[in-house]
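Taking it in order: structure first as structure tokens, then the write-up.
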Amino acid sequence: MEFNAEQQTALTSEARNLLVLAGAGTGKTRTIIGRARHLLATGVSPKRIVIVTFTRRAASEIRGRLIKAAGEDAATVVTGTFHNFCLRIMRSRQRWFGFTDLTVMDRDDQLQLMKLARGEIVGKDSSIAKAAQLVSFYSYARNTNQPPRKYLEKFAELDPPAVEIVLKIFAKYKERKLAGSYFDYDDILHRFAKVLHDSDEVRRKVAQQFDHVLVDEMQDTNPLQWLILESLAEYAHLFCVGDDAQSIYAFRGADFKNVHSFNSRLPNSETLKLEQNYRSTQPILDLANWLLEVSDLKYEKRLRAVRGAGDKPQLLDFENEYDEAEWIVGRIMKRHAEGARWDDHMVLCRSAYVARPVEGLLIERKIPYRFVGGIGLLQMAHVRDLLSVLRVAVNYRDELAWMRYLTLWPRIGEVTAAKMVCKIVSTSSSSEAASVLDEAVGKRTEIAEAVHLVARQQRAPSEAIQQLTQNLEPLFETRYENWESRSKDFRLLGKLAAKHQDVATFLETYTLDPMSASEASPSEGDDIVTLITVHSAKGTESKACYVVGVQPGNYPHTRSLDDAEAIEEERRVLYVALTRAEDELVLTRHFSRGPARVSWNAPVQTHYFLERLPKTLVDSKSLFGSLYDVSWDDDYIG
DNA sequence: TATCAAGCTGTTTTT
DNA sequence: CAGCTTGATA
């Protein structure tokens, strides 16, 4: 591994706390790995190094590369997401955190629970925000570490009576959460941060386990996560890497003051910058640099391409999204026919929704691909149905899973199920619960049998899933129209489960970071096209990048138009997309839906980022009417 | 109480 | 276009 002078300075730094401002493509991951390797080489025990990332994908990549670079020794370096790290420590030191057996709730469970809470307080009153919005209010308030009341009043701008009602719903939600011993994502961070903050003793005991904490994507940390880092920093060195121009998680409470105020908040801290870009050619960076320059915000960033000159990015206009998809897929096929690998191609989209036309064509043309982002395999209705059986087998007190499973059966609705669940949950052991279940289902023993089956197979998740699929097949067949296509997801699930020791760890791994179906199926190293949301694409790169739907409505997204800060974040989303490309960057767009509007006021165009794009920065072309780029024409007409 | 059909809405990003 | 609500019927 080789490093330039900037990187070398960073990774060998003796500073107590170091912030590395690393622009896109400047070797952020490389520097983190280099740092870890350097620490190991200077005699730091691997167990005393923590590397925190934002996604499990990033964690496992760093882990893999580190072991490759520093040897098997490095396998005991603690790597994981914030959530994963906190949970691991809390599990291993249950008493310190007042932690008992619990189920981690995913988004869907959270939504379900919030719906119940909302229903209890306001019934069907439609003047109160929907459950989904309530979840996001609550979650945002907690991640930014502010009292929900204050958030509702100041930022959500609810009127006083509404605030009171929503707070009541939150209280109900909390009550139900407690009753079911559930932990939502935010509880994981919150409990950990709170205990560390409140107890000097626990803080010391936890933080003293580590000498060095390395943080990736620092710009995406939120105030709650900052509290955690601050606590750890009392005993350990911080080494944080980030780029404020790539901060795109404000909606989740990320606060890039964690980057801007790093030095003032931490004594003995230093800041370094990495500015040499190794990824892209200069014309690609020129476009990205321009995008930041025209912002009102001062990013003070100009990426320099070490690699030098290259092709100009292309900007192509189409009549509609289908032509756009057709062109991109056609282009990728052409390149492949010319000898390029499928995995040199990445298609970036603002939302999963926008990716559909492209995905449809990739399937139609039988091009191997994976989709990263959007709703995952483990969030699809039928998969969650199946998983609910695993969940109740692991934890009979999991009300949400019981409800889901029981109502799957014909003639069992919410009311019947709720009565059964009430009885089951009030038992004091799982064996008692099992007999209560047997009694409750009466003659319909197949309902209970599925649960018993998993309970017997706790240590063999893959077998459990296989048998379960067989047992429940008649049920699913009548329930789902397209059962055939869905059933293959279960086979995939079985494969995924085979990697895990028991049902419980399998469930927890994937509630914390569910992966999508097409992401899970191909084995590593396969040559496939990547279709990915920009948010998931951070940290990745590809020789050729196609950014689809670069029109107002997507960049900036229609939903973020009422807020100047949100619009600025949208700019950064586009920036992240542009800076993924190594050699070739193609932006495509279409205006078929007409000018998207912000409610009644300004049309989206007012905020459109490419409005005043200088012609010299891109080769732009309009491909209206004809799908075929002139340069594609062959020598004869066949 | 369960279920189905018809109609309506509103469509981000993720641990 | 899916996911939900609503209303009628078994």
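Letters go in sequence order (proteins before strands), and every chain restarts at 1.
Residue A:R356 places its side chain closer to C:dC1 than to any other of B:dT13, C:dC1, B:dT15. When distances run from any side-chain atom of A:S351 to the nucleotides B:dT14, C:dC1, B:dT13, the shortest one goes to B:dT13. Of the listed nucleotides (B:dT12, B:dT15, B:dT14), B:dT14 has the atom at the smallest distance from the side chain of A:Y249. Closest to the A:K115 side chain, of the nucleotides B:dT13, C:dC4, B:dT15, is C:dC4.
For A:H557 against B:dT12, a side-chain-to-base donor-acceptor contact under 3.5 Å is absent. No N or O donor and acceptor, one from the side chain of A:R252 and one from the base of B:dT13, sit under 3.5 Å apart. Judged by distance alone with a 3.5 Å cut-off, a donor-acceptor contact links the side chain of A:R107 to the base of B:dT14.
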Can you give me every donor-acceptor pair (side chain of residues 245-254 of chain A, partner residue at least two apart or in another chain, under 3.5 Å) with its distance?
unit_1: A:Q246; atom_1: OE1; unit_2: A:R580; atom_2: NH2; d: 3.1
unit_1: A:Q246; atom_1: NE2; unit_2: A:D243; atom_2: OD2; d: 2.8
unit_1: A:Y249; atom_1: OH; unit_2: A:H535; atom_2: O; d: 3.2

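Between A:E569 atom CD and B:dT13 atom C1' the separation is 8 Å, expressed in whole Å. As rounded to whole Å, 13 Å separates atom P of C:dA2 from atom NE2 of A:H382. Rounded to whole Å, atom C1' of B:dT15 lies 12 Å from atom CD1 of A:I228. Atoms CD (A:Q112) and C1' (C:dC4) sit 12 Å apart, rounded to a whole Å. Between the P atom of B:dT12 and the OH atom of A:Y140 lies a distance of 19 Å, rounded to the nearest Å. In this entry the distance linking CZ of A:R571 with C1' of B:dT12 reads 19 Å, nearest Å. Protein atom CD of A:Q225 is 16 Å distant from nucleotide atom P of B:dT14, rounded to whole Å. For A:R580 and B:dT13, the CZ to P distance is 18 Å, given to the nearest whole Å.
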Pairs under 3.5 angstrom, nitrogen or oxygen only, protein versus nucleotides 1-3 of chain B, please.
unit_1: B:dA2; atom_1: OP1; unit_2: A:G413; atom_2: N; d: 2.6
unit_1: B:dA2; atom_1: OP1; unit_2: A:T416; atom_2: OG1; d: 2.2
unit_1: B:dA2; atom_1: O3'; unit_2: A:R411; atom_2: N; d: 3.4
unit_1: B:dT3; atom_1: OP1; unit_2: A:R411; atom_2: N; d: 2.4

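A residue-by-residue look at A:T53 and A:R350 shows that A:R350 has its nearest nucleotide of DNA chain B further toward the 5' end.
Side-chain contact between A:Y546 and A:L348: absent, with no pair of heavy atoms (C-beta onward) separated by less than 4.5 Å. Side-chain contact between A:T29 and A:I62 is present, with at least one heavy-atom pair separated by less than 4.5 Å.
Taking side-chain N and O atoms only, A:T55 has no distance below 4.0 Å to OP1 or OP2 of B:dT14. Within the 4.0 Å cut-off from OP1 or OP2 of B:dT12, at least one side-chain nitrogen or oxygen of A:R559 is found.
In this structure, A:S536 reaches the sugar-phosphate backbone alone: every heavy-atom distance under 4.0 Å involves primed, P, OP1 or OP2 atoms, never a base.
Under the 3.5 Å distance criterion, the side-chain polar atoms of A:E399 are left unmatched by any main-chain donor or acceptor of A:G180.
Here the closest non-hydrogen pair linking A:Y405 and A:E446 is OH-O, 4.1 Å.
Between A:E321 and A:R356, no side-chain nitrogen of the basic residue sits less than 4.0 Å from a carboxylate oxygen of the acidic one, so the salt-bridge criterion is not met.
Counting non-hydrogen atoms of other residues, nucleotides and ligands closer than 6.0 Å to CD of A:E414 gives a total of 12 or fewer.
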In sequence, state the C-alpha distance, the side-chain angles, and the governing distance for A:Y138 and A:F170, and then conclude on ring pair (Phe, Tyr, Trp, His ring centres under 6.0 Å). CA-CA 7 Å; A:Y138 190 50; A:F170 287 172; 4.6 Å; yes
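Stacking between A:F251 and B:dT13 is present: the aromatic ring centre lies within less than 5.5 angstrom of the base six-membered ring centre, and the two planes differ by under 30 degrees.
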